[in-house]
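After the structure tokens below, expect a handful of questions from me.
Below, chain A is the first sequence line, B the second, and so on; all start at residue 1. Quick caveat, the model's predicted, so the values are computed rather than measured.
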Protein chains: 2
Amino acid sequence: MRDTSHDLGADLQSAVARIYSRFRSERSEGELGDAAVGVLIALAKNGALTLTELSERARVTTGSMSQTVNRLVTGGYVDRARDPADGRRMLIETTPAGAEVAAEARAHRVSWLNARLAELTPAERATLAEASALIRRIADS
Amino acid sequence: MRDTSHDLGADLQSAVARIYSRFRSERSEGELGDAAVGVLIALAKNGALTLTELSERARVTTGSMSQTVNRLVTGGYVDRARDPADGRRMLIETTPAGAEVAAEARAHRVSWLNARLAELTPAERATLAEASALIRRIADS
DNA sequence: CTGCTTAGTTATACTTCGCAACTGTGCGTG
DNA sequence: CACGCACAGTTGCGAAGTATAACTAAGCAG
């Protein structure tokens, strides 16, 4: 079977793809899409950000992000405002409604996962905590 | 703010989302989309599968999978054939061209990741190997 | 003012997905 | 056998997300 040193890259890639697909399928109806929720969470955590900052965080083009922000503005979740210091920039900020949705979405997003994690041993959770840090380091490298 | 032991679920979810987005941006072969490549790889690994089997593996509806298979058929990467044992079923199988694309995609898909993993310590790789198994277990639970 | 750069928007196209309506096949029951 | 139900797929429609490319607008030299 799976010797862990055999092909860790393929193994990790497939495990990540698998659980990511599970995340998507656990997402409740009516909820905003993945990209939109990601923007709301980023704004809730960091305050107002420019379009370019948002697009860099999500690793998408500014064109794509502009459309995602359009959907959020239409839904009343965020506001656009010109940066007073640089008229080319737009500062995007959550509305109160958007901040609330961000908090709910974030809680719901991980509720299924937290239930699974609660079934693991402390040692297993520690392994996953270490792995999370490693994965994030790799992703941001 | 960022106590990993406090909210492991959110931490793991965000790490997975982040590296998954990195996977997407590292993939160069723009020819086929993610879902289509996933189907080719599944078929290359398992031989012919029915539409329902494919849709369950990818956790999508049969309608979505049917369209993905349509695109692959149009591109000449897979063939459809009725199951002789059950006329309702379709057996989907890679063409030689599809098998080749699957092998290339599979290798390319993890080449970036393997390069990163090579920079880690053996202990870190062991942590990720354990975590992969745990993540897969959670995803399939 | 002219020209270049940066920030963002809009238009178009493509992939993926779910939902719903539909066809066609298999199978059991009266 | 005929009818009806269950199962396997297909198709059409709409939504989200993405990239590319062409465009506007603002800042910044010179």
- Query: What residues form a salt bridge (Lys or Arg N to Asp or Glu O under 4.0 Å) with A/Arg88, not counting sequence neighbours?
  - Reply: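 Scan of A/Arg88 (salt bridge (Lys or Arg N to Asp or Glu O under 4.0 Å), adjacent residues dropped) gives A/Asp86.
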### Query
Listed in order of residue number, which residues of residues 52-71 of chain B have a non-hydrogen atom at under 4.0 Å from DNA chain D?
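Only B/Thr52, B/Thr62, B/Gly63, B/Ser66, B/Gln67, B/Asn70 qualify.
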Are there any protein N/O atoms within less than 3.5 Å of an N/O atom in nucleotides 25-30 of chain D, and if so, which ones and at what distance?
from	atom 1	to	atom 2	distance (Å)
D/dG27	OP1	A/Gly87	N	2.8

For B/Tyr20, check ring pair (Phe, Tyr, Trp, His ring centres under 6.0 Å) against everything at least two apart and list the hits.
->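 Result, ring pair (Phe, Tyr, Trp, His ring centres under 6.0 Å) vs B/Tyr20: A/Tyr20.
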(Q) Under the rule for side-chain hydrogen bond (donor to acceptor under 3.5 Å, both in side chains), what residues qualify as partners of B/Thr52, not counting sequence neighbours? (A)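 With neighbours one apart ignored, the set is empty.
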Residues two or more places apart in sequence or in another chain: which of them pass salt bridge (Lys or Arg N to Asp or Glu O under 4.0 Å) with A/Glu130?
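Scan of A/Glu130 (salt bridge (Lys or Arg N to Asp or Glu O under 4.0 Å), adjacent residues dropped) gives none.
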*In this structure, which one of A/Leu54, A/Leu43, A/Thr95 forms a side-chain contact (heavy atoms from CB on, under 4.5 Å) with A/Val78?*
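One option only clears the test, and that one is A/Leu43.
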Which nucleotide in the list D/dG9, C/dT16, C/dT9 gets nearest to the side chain of A/Leu51?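 Given the options D/dG9, C/dT16, C/dT9, the side chain of A/Leu51 is closest to C/dT9.
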Query - Whole-Å gap separating C1' (C/dA7) and CG (A/Leu91) - result: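 So the two atoms are 12 Å apart, to the nearest Å.
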| Set of salt bridge (Lys or Arg N to Asp or Glu O under 4.0 Å) partners for B/Arg106, sequence neighbours left out |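 Salt bridge (Lys or Arg N to Asp or Glu O under 4.0 Å) list for B/Arg106, sorted by chain: empty.
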* Could I get the full list of salt bridge (Lys or Arg N to Asp or Glu O under 4.0 Å) partners for B/Arg71, not counting sequence neighbours? =>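 Per chain and number, B/Arg71 pairs via salt bridge (Lys or Arg N to Asp or Glu O under 4.0 Å) with no residue.
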message: Without decimals, in angstroms, what is the distance between A/Asp34 CG and D/dA15 C1'?
response: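 Result: 14 Å.
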- prompt: OP1 or OP2 of D/dT18 sitting under 4.0 Å from any side-chain N/O of B/Arg24?
  reply: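 The answer is yes; a side-chain N or O of B/Arg24 sits under 4.0 Å from OP1 or OP2.
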**Item:** With sequence neighbours excluded, residues passing side-chain hydrogen bond (donor to acceptor under 3.5 Å, both in side chains) with A/Asp83
**Value:**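 Partners of A/Asp83 under the side-chain hydrogen bond (donor to acceptor under 3.5 Å, both in side chains) test: none.
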- [ ] Using atom CE of B/Met90 as one end and atom C1' of D/dA8 as the other, report the distance to the nearest whole Å.
- [x]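 The distance from CE of B/Met90 to C1' of D/dA8 comes to 10 Å, rounded to the nearest Å.
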Atom-pair distance (OH on A/Tyr20; C1' on C/dC17), nearest Å:
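My rounded result for the distance is 13 Å.
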Practice prompt. Could you check how far CG of A/Leu49 sits from P of C/dG8, rounded to whole Å?
Written response: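 Going from A/Leu49 (CG) to C/dG8 (P), I get 11 Å.
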